[in-house]
2 protein chains.
Amino acid sequence: MNLRELSELLNLSQTTVSRALNGYPEVSESTRKRVTEAAAQHNYHPNAGAQSLATGRSMAIGHVMPMSANHEMVNVIFADFIAGASEIYGRSGYRMVVSMVDDKDELQTYRDLAQRRSVDGVMVHGPVRADPRIPLLNSLGLPFVVHGRSTGVEAEYNWLDVNNRRAIEQVTEHLISLGHRRIGFVNGMEHMDFAFRRRDGYLSALKGAGIPVDPALMQSAEMTEPAGHNAACAMLGLSDPATAFVSSSIVVTLGIRRTLEEMNLRIGQDISLASFDDEISALPNGSPEAPIYTAARSSVRAAGRRCAELLLGQIANPTRANVHELWEADLILGSSTRAIARRRAG
Amino acid sequence: MNLRELSELLNLSQTTVSRALNGYPEVSESTRKRVTEAAAQHNYHPNAGAQSLATGRSMAIGHVMPMSANHEMVNVIFADFIAGASEIYGRSGYRMVVSMVDDKDELQTYRDLAQRRSVDGVMVHGPVRADPRIPLLNSLGLPFVVHGRSTGVEAEYNWLDVNNRRAIEQVTEHLISLGHRRIGFVNGMEHMDFAFRRRDGYLSALKGAGIPVDPALMQSAEMTEPAGHNAACAMLGLSDPATAFVSSSIVVTLGIRRTLEEMNLRIGQDISLASFDDEISALPNGSPEAPIYTAARSSVRAAGRRCAELLLGQIANPTRANVHELWEADLILGSSTRAIARRRAG
DNA sequence: GAGTCACCCCAAAGCGCTTTGAATAGGTCA
DNA sequence: TGACCTATTCAAAGCGCTTTGGGGTGACTC
């Protein structure tokens, strides 16, 4: 069933049927009703390719994930983010096209998307420092929103970011206020912009308290369970071991926790544990009343929703000024942090 | 830059340029070279909508996720699955379009996709028992592959499934062989086909060993960390408590583990823990040499790759007979299961 | 009763590509 | 030299939709 057939069926022109379906005013309510009913009855939906050819709009948003990011936690975060974004797209009739590409093909992928007009805009995930995608997309004229920011890019662009620096500064300050001075920092890969900023926050908190920086208490690695385990093993094995940890995600925290168990150390009592918490849906951090981990929390899914709104807004109104949103993370006090205690024997 | 402009630039007809780019034989190698070079230089890529209109193929695969499944673990699994599928799509020039839809709209979404011709095939995720999507897709004539199976659907269709029944039967048998008779089973939602089959496997292992079934040792809930925690609390609080657990995923196992810690029970020593392990990339189950959890393991990402291959094969050759693949999970023996021990005091 | 205005509807062009069927060159052979 | 291939290239139609620029019809005004 295509438009021509439908219009013949109704004894109307294609124009009228098209207008009726697309809500144009110059068609009477009675014919509109007749048309929409017939369309529903015969399950008519306009051909996507034809529509995009005729309108120049594809009604699709591109999400490009570099494969390398895939090995990490980013994968899980990505899932929650697109779940949020999808909600918004769905409401506005947009589809989401996801491509996972080799890093080396990534820029070419954007050029390709732009040239083929297969998407009306793109979402930029996991920005690194001086991210080359941003100037490229600006030059391509393809609307985009960055989830995060990129230090070292002076161009203007739409972004929504969590105040990663402040969030980690805050949890570190919290640990310091509890008396900790040997605080292990288990960070993500620091070429990623968010990890770079978190490092800043950690260092700034130490500096504010006059605590010397010990490189042995800082790790930068993929945000996985084993990475947390390794880091904790190393930092607890020091002659002057860590008494607390700041971790980059709940998954990393699970790895740290495994180390504590192996060493028979009790969370909260013997060692304090604070995290950045992306609110991954499968891994809730306890109940709202009784959070397990002290954390700086910010919902990835909510970010996905908002980024999608910003992007659709930009597409609807291309001359709109760029939007920048900096979200503060919520500080959640859980049972995993306590005033410093002497290490248990054993 | 479109085809017309490119052809004018080269002083060739659109036909010749199109054929040169699409590898048709009736164009000389010298002009083909000239054309491809000019196309690369001007970053020409054919307009997606026009191409799909002209060929009738959209070069896209649809992945529809019902929103309800979203709250669960399924989300994380979904991410790994599509990462695998993407690899295959990318190689063949296919794109992936993802829609997350309200459950009530799901069937309509498939009708819509088929009618609009916005995808050449779809992947069916998270089949439930007697899944209505399967007969619908069959009637729509849209090629599809089911990741899993659907008990109660007698129609023919392509599927790839893990032998969930046998996998859980095996880990349960393993626990029984270690002397456990009070084995808690923390399952996913049993309207999902995979969970239904796993239940079967659990029951069959008990039956084989002549162990009575205790409903208090069986839970069916979403596959989250808190669900594991709750189940473990309940089953360890019984007058005749569980001495071992079979869990439906590593995430659930983490919740069980939390309960054990709270109760000061040591994994492996005081309580045994076995899981189904989907090999989520962010949550590796220890190292290959030293797995933490005893588990039936099967890679979701590999399944994504294979399902994508099956689907593209079906599209390329629509008259091909349906393919059914049943994968056996690998039994991994970790340090979390041991011969039954008396409960520690305390 | 002619002119004016809404209101509703239509024919046809055009989006950028693929593909059919035909035309043009350049060689070969009798 | 002209007929006949073969190897290249081309003009034009068509995919299914939107949208421009009219046109007809009745009601209403003067």
Side-chain angles (χ1 to χ4, degrees), chain A residues 1-36 38-39 42-60 93-95 111-120, chain B residues 1-36 38-39 42-60 93-95 111-120:
Chain A
M1 172 70 55
N2 61 22
L3 187 62
R4 184 179 50 75
E5 289 165 9
L6 185 64
S7 63
E8 284 169 1
L9 200 86
L10 288 162
N11 269 321
L12 288 172
S13 74
Q14 296 192 31
T15 310
T16 303
V17 176
S18 171
R19 295 202 141 142
L21 291 174
N22 291 318
Y24 282 71
E26 52 273 73
V27 46
S28 71
E29 272 318 308
S30 62
T31 42
R32 188 192 307 283
K33 183 148 176 286
R34 210 158 66 87
V35 169
T36 50
H42 296 83
N43 194 41
Y44 168 77
H45 295 276
N47 177 294
Q51 206 164 29
S52 106
L53 181 56
T55 59
R57 279 170 284 113
S58 64
M59 298 305 281
Y94 276 81
R95 282 162 300 133
R111 272 190 273 267
D112 188 296
L113 285 175
Q115 244 290 313
R116 299 182 66 100
R117 301 202 167 287
S118 45
V119 298
D120 296 337
Chain B
M1 171 72 55
N2 61 22
L3 187 62
R4 184 179 51 73
E5 288 165 10
L6 184 63
S7 63
E8 283 168 2
L9 200 86
L10 287 162
N11 268 321
L12 287 172
S13 74
Q14 297 192 32
T15 309
T16 304
V17 175
S18 171
R19 294 202 141 141
L21 291 174
N22 291 319
Y24 281 71
E26 53 272 73
V27 46
S28 71
E29 271 319 307
S30 62
T31 43
R32 189 193 305 284
K33 183 147 176 289
R34 210 159 67 86
V35 170
T36 50
H42 296 84
N43 194 41
Y44 168 77
H45 295 276
N47 178 294
Q51 207 165 29
S52 105
L53 181 55
T55 60
R57 279 170 284 113
S58 64
M59 297 306 281
Y94 276 81
R95 282 163 300 131
R111 272 189 274 266
D112 188 296
L113 285 175
Q115 244 289 315
R116 300 181 65 99
R117 301 204 166 287
S118 46
V119 297
D120 296 337

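Below, read A as the first sequence line, B as the second, and so on, with proteins coming before strands; counting in each chain starts at 1.
- Distance check, rounded to the nearest 0.5 Å: CG of D120(A) to CG of L113(A) gives 11.0 Å.
- Of the residues in residues 22-35 of chain A, E26(A), V27(A), S28(A), T31(A) come within less than 4.0 Å of DNA chain C through at least one heavy atom, sorted by number.
- Summary of helix geometry: the two end axes of the helix from dG1(C)-dC30(D) to dA30(C)-dT1(D), each defined by five base pairs via their C1' atoms, are inclined to each other by 60° (rounded to 10°).
- For the pair S13(B) and T55(B), both in contact range of DNA chain D, the more 5′-proximal nearest nucleotide belongs to S13(B).
- When all heavy atoms of R32(B) and P25(B) are compared, the pair lying nearest together is NH2-CA, 4.2 Å.
- When every heavy atom of K33(A) is checked against every heavy atom of T36(A), the shortest pair comes out as O-OG1, 3.0 Å.
- Remark: R111(A) CZ to H45(B) NE2 distance equals 8.0 Å, nearest 0.5 Å.
- Take the nearest nucleotide of DNA chain D for A54(A) and for V17(B): the residue whose nucleotide is more 5' is V17(B).
- Inter-residue side-chain proximity for L10(B) and R34(B) is flagged as met; some heavy-atom pair is nearer than 4.5 Å.
- When every heavy atom of R19(B) is checked against every heavy atom of E26(B), the shortest pair comes out as CZ-OE2, 3.9 Å.
- Running 5' to 3' along DNA chain D, contacts with non-hydrogen atoms of chain A at under 4.0 Å begin and end at dG16(D) to dG21(D).
- Counting heavy atoms from C-beta on, the side chains of Q14(A) and S7(A) come closer than 4.5 Å.
- Of all heavy-atom pairs between Y44(B) and N2(B), the closest is CE1-C, 3.6 Å.
- Among all heavy-atom pairs drawn from R95(A) and S118(B), the shortest one is NH1-CB, 3.7 Å.
- Of all the heavy atoms in S52(A) and G49(B), the pair that sits closest is OG-CA, 3.4 Å.
- Of the residues near DNA chain C, P46(B) and R19(B), the one whose nearest nucleotide (by heavy atom distance) lies more toward the 5' end is P46(B).
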